[in-house]
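For reference, the structure is listed below as structure tokens.
Labels below follow one simple rule: chain letters A, B, ... track the order of the sequence lines, proteins then strands, and each chain is numbered from 1.
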There are 2 protein chains.
Amino acid sequence: MARTYGSFSQNTAPRVFKTALRLFAQYGYAAVSMRQIASDVGVQVGALYNYTPDKQTLLFTIMRDHMENLLNAWEGRPQSNDPLVRLKDFIKFHLTFHLHKTDEVFVSYMELRNLSEENFVVIEKLRRNYELILEHILERGSNDGVFHISDARVTTLALIGMLKEVGTWYRPEGRLSSKEITNIYQDMVAHFLGVDSPVMPANR
Amino acid sequence: MARTYGSFSQNTAPRVFKTALRLFAQYGYAAVSMRQIASDVGVQVGALYNYTPDKQTLLFTIMRDHMENLLNAWEGRPQSNDPLVRLKDFIKFHLTFHLHKTDEVFVSYMELRNLSEENFVVIEKLRRNYELILEHILERGSNDGVFHISDARVTTLALIGMLKEVGTWYRPEGRLSSKEITNIYQDMVAHFLGVDSPVMPANR
DNA sequence: GTCTATATTAAGATAGAC
DNA sequence: GTCTATCTTAATATAGAC
């Protein structure tokens, strides 16, 4: 491929999105300028507009890609019929994904209000679909008598809150590994849902 | 008091801070301009600078006042020596405060990264002090054998996540009243901590 | 205490050269 | 595909009149 105007080109597209993601996570969408993104990528500001029609679309693309990756990754997994196994699978999946995609998760949560109305609708629907995965697992387990839940909706949201919180304090070099955290959470949540016997295949 | 330049003045100070709080909560600090605040207050932009030296201080003042109100309100309460009573008191206090100060809570959580370095240190310390209230209650209850906790720090953070989440979905006109939510949470958390007997003085 | 006017800086986005 | 240069708009903050 021919170089254009003396600059390296074929890697720019992914670098634009990665840089924007990192800066949005650190400073917030509204506080980051296109000039700052360009500077960190190592191009002039005009070049960015080869990769996005505007700043808003840059944010939207980042959030949509993340949510679709998340949903597709879950759908692509083998699904157990046992509610407790399914729940533990979900916790492991959620934590693995979220502890390794901290910027994406943070931006997708924090920048909802900076989406245009039409973009917000799209992202909110994807987000809701993800919450429904957990909600359905809980409903199923509750109906089967495996989980003991007083108010299903409140319990779902409380669990989501618990799981979301992890992203705010986890550090790869911290006291607990992502595997240890997963185990603690799996036990904590099972206990929380009043599961009778904690006897389970280990390290599922 | 004499009116100045044909305008009403004595109410402006609180209105500036209330308006800024509302707009920061809705659109985010970086996305809100001083002009927009002035317009909503009903003054010209220059008038704002009678009440704050700059925009940053406006944000800092809002966050500091909120955190100090929160801590002072807790300190001013009678404190029980029974860990479970204390825990339920804290949950009730937390939810009552947070369900009625949604904007303050939201801004204090979302805008941390828009504080200047020196302002961040002050707010972070206040935030940490608040978390420590719950952490100490759990430690005490754990030592007394009333609560059954595997990892104290993770449990504290999980609980904080659960409690924080409430602010994102509670609506005064929603299905559950703030009183009902409080009861559900008190029971859920007690169960979560493995408290043996749910027999408690009601509506504490 | 508030106004109008303005200084200064920086933002998003585009045009046209290479 | 990227550059430089520029258009247009809007931001924070200040000065001085009333």
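- Taking atom CE of B:Met34 as the reference point, atom P of C:dC3 lies 14 Å away to the nearest angstrom.
- A close approach under 4.0 Å does occur between a side-chain nitrogen or oxygen of B:Thr12 and OP1 or OP2 of C:dT2.
- What separates OH of B:Tyr27 from P of D:dA11 is a distance of 13 Å, to the nearest Å.
- Listed nucleotides C:dT2, C:dA11, D:dG1 differ in distance to A:Asn50; the shortest reach to its side chain belongs to D:dG1.
- The aromatic rings of A:His94 and A:Phe90 sit tilted, their planes meeting at an angle between 30° and 60°.
- Residue-level contact check: A:Val32 touches the backbone only, with heavy atoms under 4.0 Å from sugar-phosphate atoms and none from bases.
- For B:Val45, whose side chain is taken as the heavy atoms from C-beta onward, the closest listed nucleotide among D:dA13, C:dG12, C:dC3 is D:dA13.
- Across D:dA13, D:dC3, C:dA11, the shortest atom-to-atom separation from the side chain of B:Asp54 is found for D:dA13.
- When atom types are taken as modelled, the side chain of A:Tyr185 and the backbone of A:Met162 share a donor-acceptor pair closer than 3.5 angstrom.
- Comparing A:Gly46 and B:Lys55, the nucleotide of DNA chain D nearest to each residue sits closer to the 5' end for A:Gly46.
- Side-chain proximity of A:Val43 to the nucleotides C:dG12, D:dC3, D:dA13 is greatest for D:dC3.
- Of the candidates C:dA11, C:dC3, D:dC3, C:dA11 carries the atom nearest the A:Arg35 side chain, counting heavy atoms from C-beta on.
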**Request:** Start with the C-alpha distance between B:Phe106 and B:Thr168, add both sets of side-chain angles, then the distance that settles side chain to side chain contact (heavy atoms under 4.5 Å, CB included), and finish with yes or no.
**Result:** CA-CA 9 Å; B:Phe106 192 66; B:Thr168 68; 5.8 Å; no

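- Whole-Å rounding puts the B:Tyr51 OH to D:dA13 C1' distance at 17 Å.
- Counting to the nearest Å, the P atom of C:dT4 and the CG atom of B:Leu48 are 13 Å from each other.
- Per the geometry, CD belonging to B:Gln44 stands 19 Å off P belonging to D:dA17, to the nearest Å.
- Residue A:Ser33 has a polar side-chain atom (N or O) positioned under 4.0 Å from OP1 or OP2 of C:dA11.
- Side chain of B:Tyr49, nearest nucleotide from C:dA13, D:dC3, D:dA13: D:dA13.
- There is no side-chain donor-acceptor pair under 3.5 Å between A:Arg113 and B:Gln26.
- Spacing between atom CD of B:Gln36 and atom C1' of D:dA11 amounts to 12 Å, rounded to whole angstrom units.
- Residue B:Gln56 contributes atom CD, which lies 15 Å from atom C1' of D:dA13 at whole-angstrom precision.
- Atom NZ of B:Lys101 has 12 or fewer heavy atoms from other residues, nucleotides or ligands within 6.0 Å.
- Residue B:Asn11 contributes atom CG, which lies 15 Å from atom C1' of C:dT2 at whole-angstrom precision.
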